[in-house]
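Data block below; observations after.
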Amino acid sequence: MTSLSDLLLLGKGADLSSERGVSCTGELPEASDPTLVARATTARAALGSKAMVLGHHYQRDEVIQYADITGDSFKLAQAAADNSEAEFIFFCGVHFMAESADILTSPAQKVILPDLAAGCSMADMATANQVAEAWKVFERLGIAKKSIPVTYMNSSAAIKSFTGENGGTVCTSSNAERAMRWAFEKGEKVFFLPDQHLGRNTAVLKLGLRLSDCAVWNPWKSNGGLSDDEILAAKVILWRGHCSVHGRFSTDNIAEVRERVPGINVIVHPECQHDVVKNSDVVGSTEMIIKTVSAAPSGSSWAVGTELNLVKRLAAANPDKKVIFLDKTICYCSTMNRIDLPHLVWAMESLVEGRLVNQIKVDERTAHHARVALERMLALP
Ligand code: 13P
Ligand code: SF4
């Protein structure tokens, strides 16, 4: 391993080879290696202020302990945009978050995703070609100019780029209401991608639209599975995407927990299905869920409908309250969980040795318009 003095030679002029797509098989430390924590601590210290570690709230405990900043996807995007010092940003989260960080940082800064397999099944539900096909239908019907795309952060850089190019904005779970109101000031219709639940919950529960004002565009069906009249009549056209983790929570879960724990508060993420959100007491982003439960009175009870790593940490941090998982069965996000300590150690030690691995780099053509859409979001009132 390179010594600290060698590391200090690593600078902007150092010959770091980008190895995006490299397989780390065979180089990964064993998950059972008893020195993993010590190795991570040493590598992190060696990297010092050249590196910043961002950790999404769904990350494992073994990883989140190394995060300089933890947050929801909005807070982490902001942290990346605000930091111009760290040359290397280790993104402990999923691919679309690392892409956004790359777009929002300077060309000299490099974003690293410790495991390239950490994707998001919801983001994969909208491809650039499918969205372009839908837009062609909007053009044929004469509604493209009146429709403002609002793309959830959980989408590829290509979809964000489409959004920026067509006058729209990115949103996250913490600002979807503001983004949708902004879009309705600009146009007559909102084209919401790719999470139908966040789009529906925002349109109906925050903006007061009717369920019948929303139409669902199915990318696997001709004309999105809609008649021209249905498309023309809709105020919000929702892409047919969803999160398989949050889609598991049901109104039966809520009824069961309310019966079991009288007086319990139900707090859920807005990626949950509409009926689940409607029957909950509080809805919000991961950051908002943490803040709400942490600020709640001692002795209060909370059933939390979001990813399990977050809920377990929240319960441990609030021993004076009853904090339980809304579902009775396990519900981790398997792709968030791809980032484990062996991958983080591998990525950090590689850098200490002068090898940049798993860099996430969005090509400038895509990044240009995606940046416009992300900056519109960061500037939302
Ligand atoms: P937050 O923006 O609330 O952190 O949500 C991101 C996410 O992927 C939830 O599934
Ligand atoms: Fe994607 Fe759902 Fe995992 Fe969030 S919880 S990263 S939306 S699969």
Side-chain angles (χ1 to χ4, degrees), residues 53-79 90-98 114-115 118-123 152-154 172-176 195 197-198 201 242-250 253-254 257 264-273 276-277 280-296 300-341 344:
V53 182
L54 298 179
H56 185 266
H57 290 310
Y58 291 166
Q59 291 290 293
R60 298 161 178 260
D61 287 351
E62 66 191 42
V63 166
I64 208 87
Q65 63 179 318
Y66 293 100
D68 300 308
I69 300 177
T70 60
D72 61 10
S73 52
F74 180 77
K75 186 173 162 193
L76 296 178
Q78 226 172 13
F90 289 87
F91 211 115
C92 299
V94 287
H95 193 266
F96 69 79
M97 297 180 179
D115 185 345
C120 164
S121 52
M122 177 203 286
Y152 190 26
M153 183 67 111
N154 301 29
T172 69
S173 55
S174 62
N175 56 26
D195 184 12
H197 299 304
L198 177 64
N201 290 328
H242 66 274
C243 167
S244 42
V245 176
H246 290 89
R248 291 174 56 102
F249 298 112
S250 66
N253 292 154
I254 297 180
V257 81
I264 195 163
N265 301 285
V266 177
I267 185 166
V268 300
H269 195 277
E271 287 174 15
C272 292
Q273 299 176 62
V276 170
V277 172
S280 299
D281 301 299
V282 189
V283 55
S285 77
T286 54
E287 184 81 10
M288 192 270 207
I289 290 173
I290 292 170
K291 284 190 176 152
T292 304
V293 174
S294 305
S300 57
S301 306
W302 294 86
V304 187
T306 195
E307 205 265 356
L308 190 51
N309 279 314
L310 182 159
V311 181
K312 280 161 73 177
R313 265 195 300 275
L314 197 56
N318 289 276
D320 57 326
K321 298 157 207 166
K322 185 179 180 74
V323 180
I324 57 175
F325 192 55
L326 179 55
D327 196 353
K328 278 204 163 161
T329 48
I330 290 180
C331 190
Y332 288 102
C333 170
S334 58
T335 47
M336 281 277 181
N337 264 359
R338 296 291 307 210
I339 313 290
D340 56 8
L341 198 50
L344 183 59

What distance do [X] atom [atom1] and [Y] atom [atom2] have between them, rounded to the nearest 0.5 Å?
X    : Y    : atom1 : atom2 : result
L310 : I290 : CG    : CD1   : 4.0 Å
S244 : M122 : OG    : CE    : 8.5 Å
D327 : T306 : CG    : OG1   : 12.0 Å
I264 : I324 : CD1   : CD1   : 4.0 Å
T70  : K75  : OG1   : NZ    : 5.0 Å
I339 : L344 : CD1   : CG    : 8.5 Å

Considering all heavy atoms, the nearest [X]-[Y] contact:
X    : Y    : result
I69  : L76  : O-CD2, 3.8 Å
L326 : V257 : CD1-CG1, 4.0 Å
C92  : P114 : SG-CG, 4.4 Å
G93  : A118 : O-CB, 3.8 Å
D195 : Y152 : CB-CD2, 3.9 Å
V94  : G119 : CG1-O, 3.1 Å

Hey, are the side chains of [X] and [Y] touching, using non-hydrogen atoms and a 4.5 Å cut-off?
X    : Y    : value
I254 : S280 : yes
R338 : H95  : no
S294 : L314 : yes
V282 : N265 : no
E271 : H197 : no
R248 : T329 : yes
E287 : S174 : no

| query | Please, which pairs that meet salt bridge (charged side-chain N to carboxylate O under 4.0 Å, His left out) have at least one residue in residues 63-73, sequence neighbours excluded? | reply | R44-D68

| query | salt bridge (charged side-chain N to carboxylate O under 4.0 Å, His left out): which pairs involve residues 307-323, sequence neighbours left out? | reply | D61-R313

Without swapping roles, check the side chain of [X] against the backbone of [Y] for a donor-acceptor pair under 3.5 Å.
X    : Y    : result
N201 : P270 : yes
D281 : V266 : yes
N309 : Y58  : yes
Q65  : E62  : yes
Q59  : M336 : yes

| task | Only counting residues at least two apart or in another chain, list the ones meeting salt bridge (Lys or Arg N to Asp or Glu O under 4.0 Å) with D340. | result | none

| said: According to ring-ring contact (aromatic ring centres under 6.0 Å, His included), who are the partners of H57, at least two apart in sequence or on a separate chain? | reply: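 H57 satisfies ring-ring contact (aromatic ring centres under 6.0 Å, His included) with no other residue.
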
| message | Which residues pass the side-chain hydrogen bond (donor to acceptor under 3.5 Å, both in side chains) test with T335, not counting sequence neighbours? | response | none

| query | Mind checking what makes side-chain hydrogen bond (donor to acceptor under 3.5 Å, both in side chains) contact with S300, not counting sequence neighbours? | reply | W302

| message | Taking the six-membered ring for Trp, are F249 and F325 closer than 6.0 Å centroid to centroid? | response | yes

